[in-house]
Amino acid sequence: MLNFGSDIKYIKGVGEKRAELFNKLGLYDVRGLLEFYPRRYDDRSHAKTVSQCENGETAAIKAMMMTPVKEHLIRKGLAIYKCDFSDGETVIHVTLFNNKYLAKSLCQYEEYMLCGKVEKRLTSADMSAPSIEKAQGFTEILPVYHTTGRLNSKAIGKTVKTALEALPPVEETLDTEFRLKYGLVSRDFAVRQIHFPSDSESLEKARYRLIFEELLTLQLGLLKLKGNKRAETHVRLKKDFTDEFYSLLPFEPTNAQRRAVADCVKDMSSGSAMNRLIQGDVGSGKTAVAAAAIYSAVKNGFQCALMAPTEILASQHCETVNKLLSGTGIKTELLTGSTSQKEKREIKERLITGAVDLVIGTHAIIQNDVEFARLGLVITDEQHRFGVNQRANLAMKGENPHTLVMSATPIPRTLALMIYGDLDISVLDELPAGRRKIRTDVVDSSYHKRIYEFVKKAVARGEQAYIVCPLVEEGENDLLPATQYAEKLSQTAFRGYNLGLLHGRMKAREKDRVMNAFADGDVKILISTTVIEVGVDVPNATVMIIENAERFGLSQLHQLRGRVGRGKAQSYCVLVSDSKSETARNRLAIMKKYSDGFMIADEDLRQRGPGDFFGNRQHGLPDLKIADMLADTKTLAVCRKAAEEILEEDFGLDMPKNAALADEISDMFRNAVSN
């Protein structure tokens, strides 16, 4: 007898060779097969007569076979088979191509379901190569699966059906009371009906049950991660120094900044380790929030560490934080790969003795020989750029220190709930007063001469500019790589100008050299790929030109645009695209219309879907097999609440009624890396 764990080759009719075809689809066992849900369904439940069909319509028609099949050999290797059917009103001339098996199986005067395109004539109709099934036992709603090579949808469906027939009732994972509360059908019903629904109502009930369970399992897993991270800690703030910090600032914090700082102080005063994400648009003031948390932590006697993904970003943070904490007596050190060996030794000694209050750096601060006297707060910037182990190693430098994560990647609330379900979230949704809106224009390449003149005028005013090119994949002959584009511009439009070039294949030290030269004003025009997307703050840069802008996602375009507009001068972003695609034009129009990163992120999610939102799936979430983060937002909210209720009663999922759910969580998260 089959069970969920049985190898797919043991399903009747599969065997070793066919199992290899299923393996190519990532299907190795019965469970994998049954969770390979149909991508769509052909609803053939509403049979019509020819007279009810529009000409050229694809329809299901119930008809009796009236004449025997006649074979016609057209040429070697090609035979056609003809016969007539009647729906009681109209004669249907049916033609089959090279389908001897089906032609031989048809019996005169039996009823069949003909599914295909109906070509109407004056007194008859034609159907070429329709699917033909006996009317008795006809599958009204036909599942359609993703296919590969020689394994078509029909073959997959047949294997699924064989597996379901040999499988005992599917074990339930949710207890009866819970299912009744949320109106969920049994798991056995859902698994069988999702593949071969009796009717559309049964299909909807099956889908809802499976989507609900998948989202519930995901939320339970993330909430348990969050709960596990809420370990007790001795790092507890006894006094809140926020007002004292605000009095030092030369500006008035936004309400969003004040809320975020209050969240951090509350977390750090609770006795449980903080795990909080500060999510804010470009320029929303995340560093000031971090500085406020650092100030209260240090004043309470703890050390802090801030880790950035690049040396130049670490240096920038050091400069910014030092300005914010100027005159406070807080001792800060910068520790990166470029720090001399002598300086490194001295900084490490001062960290161990507690003479340093705050260390800012790259992954250099998580080396084994870096130790702290009393680490209380760990901050990581652009956390998705770090490996999980790197972040964990930094946190392990202390005894359950508080963790604060900063991200300038605006994420729609729905997606944030999924991705950062194990973190508490504070959103900075206001920009500081005085920030000028970046003027954004969309033009085609015929404007290049005018664009270059515009850049020259900006440079003549003492300002700087970025020119960004998309990454060029192999075989794309219509795009110029950044290297060739820089060479071309240096010999033509910008001959005599100090141009810089930045791309992903350069060594880290070389990237930092170029970026520092741009930040210092030595390089006036920087030609780059997207490596400048999240990075250095150059207030003097006022112009951003993005070539082939249709090649970028909306959120990526917004991140790039955020590299300018950091100073007092008016800044500009020019999106260059020759695309004739209406979708591309609409996307670029959104960039011109909106400056709010969260609104743009919502549009990006709607247009590209969640699968492409993060590019290389850096977030480490489990794959969802049936739920959809866009379509199932309401169900997600219900599941979140249900998960909280379950864990409030039984956090360890130790009660018998939750045992199967605990197994589902383990299965889902086995191959996923938590944030």
Side-chain angles (χ1 to χ4, degrees), residues 281-282 408-412 415 437-452 454-455 465-486 488-489 493 501-505 525-535 541 543-565 571-618 630:
D281 209 344
V282 176
T409 308
I411 302 168
L415 205 55
K437 185 177 178 181
I438 300 165
R439 176 175 165 176
T440 303
D441 288 294
V442 182
V443 299
D444 60 36
S445 58
S446 67
Y447 278 75
H448 268 133
K449 190 174 179 182
R450 288 165 66 177
I451 291 169
Y452 299 150
F454 184 74
V455 170
Y466 294 98
I467 299 178
V468 177
C469 307
L471 287 170
V472 180
E473 302 293 336
E474 194 175 333
E476 291 180 329
N477 301 319
D478 57 327
L479 300 179
L480 266 182
T483 46
Q484 291 179 32
Y485 195 38
K488 177 186 172 186
L489 291 179
L501 173 65
L502 203 63
H503 57 80
R505 291 182 181 172
I525 302 166
L526 183 63
I527 298 164
S528 171
T529 57
T530 55
V531 291
I532 52 100
E533 180 184 337
V534 176
V543 181
M544 168 64 71
I545 312 296
I546 303 177
E547 298 287 351
N548 301 104
E550 78 283 351
R551 310 269 305 187
F552 301 89
L554 289 176
S555 290
Q556 196 175 31
L557 287 172
H558 180 66
Q559 288 285 308
L560 290 167
R561 177 168 63 182
R563 294 299 98 213
V564 297
S571 289
Y572 304 86
C573 178
V574 182
L575 306 175
V576 184
S577 174
D578 288 329
S579 175
K580 300 294 186 286
S581 158
E582 188 176 345
T583 303
R585 287 200 301 270
N586 289 341
R587 286 172 63 246
L588 297 180
I590 288 166
M591 286 300 299
K592 187 171 181 177
K593 182 178 179 181
Y594 296 121
S595 58
D596 183 308
F598 288 94
M599 293 182 78
I600 289 168
D602 278 331
E603 288 292 336
D604 205 13
L605 183 62
R606 258 194 290 277
Q607 292 190 10
R608 290 199 295 161
D612 201 32
F613 200 82
F614 277 88
N616 296 331
R617 281 187 48 78
Q618 292 159 314
L630 288 177

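Treat the numbers as computed from the prediction; the structure is a model and nothing was measured.
The line from OH of Y466 to CG of L560 is 10.0 Å long, rounded to the nearest 0.5 Å. Taken to the nearest 0.5 Å, the CZ atom of R551 stands 12.5 Å off from the CG atom of L557. Taking CD of Q484 as the start and SG of C469 as the end, the distance is 10.5 Å to the nearest 0.5 Å.
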Chi angles and distances behind the side chain to side chain contact (heavy atoms under 4.5 Å, CB included) call for V543, I545: CA-CA 7 Å; V543 181; I545 312 296; 3.6 Å; yes

Determine whether L526 and L502 satisfy the following criterion, side chain to side chain contact (heavy atoms under 4.5 Å, CB included), listing intermediate values before the conclusion. CA-CA 7 Å; L526 183 63; L502 203 63; 4.2 Å; yes

Please evaluate residues E547 and V468 with respect to the criterion side chain to side chain contact (heavy atoms under 4.5 Å, CB included), reporting the C-alpha separation (whole Å), side-chain torsions for both, the decisive distance (0.1 Å), and the verdict. CA-CA 6 Å; E547 298 287 351; V468 177; over 6 Å; no

Do M544 and V574 pass the side chain to side chain contact (heavy atoms under 4.5 Å, CB included) test, and can you show the C-alpha distance, the side-chain angles, and the key distance before you say yes or no? CA-CA 6 Å; M544 168 64 71; V574 182; over 6 Å; no

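The side-chain hydrogen bond (donor to acceptor under 3.5 Å, both in side chains) check on S445 picks up D578, with sequence neighbours excluded. Shown here are the side-chain hydrogen bond (donor to acceptor under 3.5 Å, both in side chains) partners of S577, two or more places apart in sequence or in another chain: E550. Not counting sequence neighbours, R585 has no partner by the side-chain hydrogen bond (donor to acceptor under 3.5 Å, both in side chains) test.
Residues I467 and Y485 form a side-chain contact, since some pair of their non-hydrogen atoms from C-beta on lies under 4.5 Å apart. The side-chain heavy atoms of Y452 and L489, taken from C-beta on, include a pair separated by under 4.5 Å. At least one side-chain heavy atom of N586 sits less than 4.5 Å from a side-chain heavy atom of E582. When side chains are defined from C-beta on, N548 does not count as touching V576, because their heavy atoms never get closer than 4.5 Å. Counting heavy atoms from C-beta on, the side chains of M591 and V442 never come closer than 4.5 Å. Side-chain atoms of L575 and D441, non-hydrogen and from C-beta on, never get closer than 4.5 Å to each other.
Contact record, C573 with I546: SG-CD1, 4.2 Å, taken as the closest heavy-atom pair. Listed here is the closest heavy atom pair of P470 and F552: CA-CZ, 3.5 Å. Here the shortest heavy-atom pairing between S571 and A541 reads OG-O, 4.0 Å. A482 and I527 make their closest contact through O-CG2, 4.0 Å (heavy atoms, listed as atom of the first residue, atom of the second, distance). For the pair L501 and A486, the tightest heavy-atom approach, listed with the atom from each and the gap, is CD1-CB, 4.0 Å. Listed here is the closest heavy atom pair of Y594 and I600: O-CD1, 3.6 Å.
Side-chain contact, R561 with T440: a donor N or O sits under 3.5 Å from an acceptor N or O.
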